[in-house]
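Quick notes on the structure that follows.
Keep in mind that the numbers below use all heavy atoms, side chains included, and drop hydrogens, waters and symmetry copies. Each chain gets a letter, A, B and so on, in the order its sequence line appears, and its residues count up from 1.
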4 protein chains.
Amino acid sequence: MTRENITIRPITTEDRGAWERLWQAYLVFYKSSIEADQTDRTWQRLNDVEFNLHGLLAIDGDEVVGMTHYLFHPSSWTDLPYCYLQDLYVDEPRRSQGIARALIDAVVQAARSHPAQRVYWLTQEDNSTARLLYDKVASPTGFVQYRIAPL
Amino acid sequence: MTRENITIRPITTEDRGAWERLWQAYLVFYKSSIEADQTDRTWQRLNDVEFNLHGLLAIDGDEVVGMTHYLFHPSSWTDLPYCYLQDLYVDEPRRSQGIARALIDAVVQAARSHPAQRVYWLTQEDNSTARLLYDKVASPTGFVQYRIAPL
Amino acid sequence: MTRENITIRPITTEDRGAWERLWQAYLVFYKSSIEADQTDRTWQRLNDVEFNLHGLLAIDGDEVVGMTHYLFHPSSWTDLPYCYLQDLYVDEPRRSQGIARALIDAVVQAARSHPAQRVYWLTQEDNSTARLLYDKVASPTGFVQYRIAPL
Amino acid sequence: MTRENITIRPITTEDRGAWERLWQAYLVFYKSSIEADQTDRTWQRLNDVEFNLHGLLAIDGDEVVGMTHYLFHPSSWTDLPYCYLQDLYVDEPRRSQGIARALIDAVVQAARSHPAQRVYWLTQEDNSTARLLYDKVASPTGFVQYRIAPL
């Protein structure tokens, strides 16, 4: 199966159930959980055209099989902003079928028409499955992340 | 010498010369250069209270010895935004005197009063000098960065 | 009765019922109505710390008796942004008790600490009751509004 | 002469001289003046793609004959933001030739593709010349403005 059958489209308010299933599976993958009111808030932000958080779904037939969230922020290095692809998830049984790649491609398209200067994302150093794909579609930058949280 | 002599304060329009010296040294460290009009633009953004790009300088006596830039962006995971510390530089002869740490502490303070949920930054995996400090003041997240650019 | 008994505080997620009662009465005053999903969206925006729409309530004892919404936008004329007080409503039986004035004062305080350069609002030319108050607390600018809508 | 000869296009960094001549004439019309550093700041904002302040010029041949500035802000009443046309000016000898109308039309186009829900502006109640035009292209809303400034 190839990604030719996959459609990528923006999240709409009709997609709550399908989106939440993927969102929760994604959080489980990261051994995380967030409170119900934050899930509500993220959902509202994704559906508010005026909020700087955007979501795309991957659809196969009438089944939602993947999702991604992205946002824009300025940079001291460039005129145009950067596009940060914050979240990406594909249903486990649907991995290795080009769905993640189709989602990334669609974010690149959205960033290009924003316009933004780049798309970037972060992944766990030891997530070798994901990195097999990322090494094909993008350049590892050699940068690692540090964090101070909570404040 | 300790950082007790160091003052951290916001960039003002008076600081152009001192800031640009550090900015250019920082770019050289990254084997990068950017065009003069982008340096102008970044300077204007840093000095525009309405623009989401902020700068701090480290001062020793009347000498400017370090700088940092930071910005805020929303997150799908949290109510409060994230604070991205994008740039950090300390004059080479003034390294290991607590100046970088004082700059990071000041960004944490600014992020706390914004308020933001976290401060994060990226550094080159092989920058072992910087990572000695970062491992003390922050947590490595195990995340590495990928990038598609330019679009 | 004076406004000494009145407390002004930010809207919280607990206030939905009280807020919606005032919001609907306000819309009726303007012979308007908006769809339920827009009321939901406005409510979510008011409660999202990252969204540029803020709300205050006037409380008397445990009764919510007034509300106001405000937002910030840049200006070509000033460094600091303007604060636009978009909506203001006080329960009809509670008019002329200083409640509207207390709400405006609280928006001025919020704008001052934002910081913003000014607070402004619009009112119907023939709303003589409201203008009696507005002429006391603010300056009429002599500007009238034109609109092209919908696009 | 009609506006068929008039081209409307975004401000670029090449236009500083022409823009500043119109901006100063506009300020004189309002019996106002602003400090040189605010004019610099407004110019930088107009030319920063990431800043919420946009400018258009009206060109006749190689002569710049009019200008307008606009920005977007959210609204509690609508999903889409409002577009506020803050400044509009046409060279005095070039009035009544359709230039102001062409500038307003171009802001409406920009707002439509943003997308925004409406375009609005404010004008002095006694500016009967301007209002002759505005009454043709837009609807007076019957709203007058109040202001508290400076804070």
Which bit of [X] is near chain C, if near means a heavy-atom gap under 4.5 Å: side chain, backbone, both or neither?
X         : answer
Thr78(D)  : backbone
Tyr30(D)  : side chain
Ile148(D) : both
Asp135(D) : both

Quick check on Leu71(C) against chain D: is it the side chain, the backbone, both or neither that has a heavy atom closer than 4.5 Å?
side chain

Chain C shares the most heavy-atom pairs under 4.5 Å, among Ser32(D), Ala149(D), Pro140(D), with Pro140(D)

Picking from Ile104(D), Asn127(D), Leu27(D), which has the most non-hydrogen pairs under 4.5 angstrom with chain C?
Leu27(D)

When heavy-atom pairs shorter than 4.5 Å are enumerated against chain D, which of [options] gives the highest number?
options                                 : answer
Ser139(C), Ala116(C), Pro115(C)         : Ser139(C)
His73(C), Gln109(C), Glu35(C), His69(C) : His73(C)
Phe72(C), Tyr26(C), Trp43(C)            : Tyr26(C)

Are the side chain of Gln38(D) and the backbone of Asp79(C) linked by a donor-acceptor contact shorter than 3.5 Å?
yes

Can you check whether Thr42(D)'s main-chain N or O pairs, donor with acceptor, with Ser76(C)'s side chain at less than 3.5 Å?
no

Restricting to non-hydrogen atoms, name the atom on [X] and the atom on [Y] that form the minimum distance, rounded to 0.1 Å.
X         : Y         : value
Gln86(D)  : Ser75(C)  : NE2-OG, 3.0 Å
Arg112(D) : Leu151(C) : NE-O, 2.8 Å
Trp77(C)  : Asp87(D)  : NE1-OD1, 2.9 Å

Rounded to the nearest 0.5 Å, how far does [atom2] of [Y] lie from [atom1] of [X]?
X         : Y         : atom1 : atom2 : answer
Arg147(D) : Tyr120(C) : CZ    : OH    : 10.0 Å
Phe143(C) : Tyr146(D) : CZ    : OH    : 14.5 Å
Gln124(D) : Thr141(C) : CD    : OG1   : 8.5 Å

So which bits of residues 46-59 of chain D come within less than 4.5 Å of chain C, counting non-hydrogen atoms only?
Phe51(D), Asn52(D), Leu53(D)

Would you check, one step at a time, whether the test side chain to side chain contact (heavy atoms under 4.5 Å, CB included) holds for Val144(C) with Arg131(D)?
CA-CA 10 Å; Val144(C) 295; Arg131(D) 296 186 70 178; 3.7 Å; yes

Around atom CD of Glu92(D), are there more than 12 heavy atoms of other residues, nucleotides or ligands at under 6.0 Å?
no

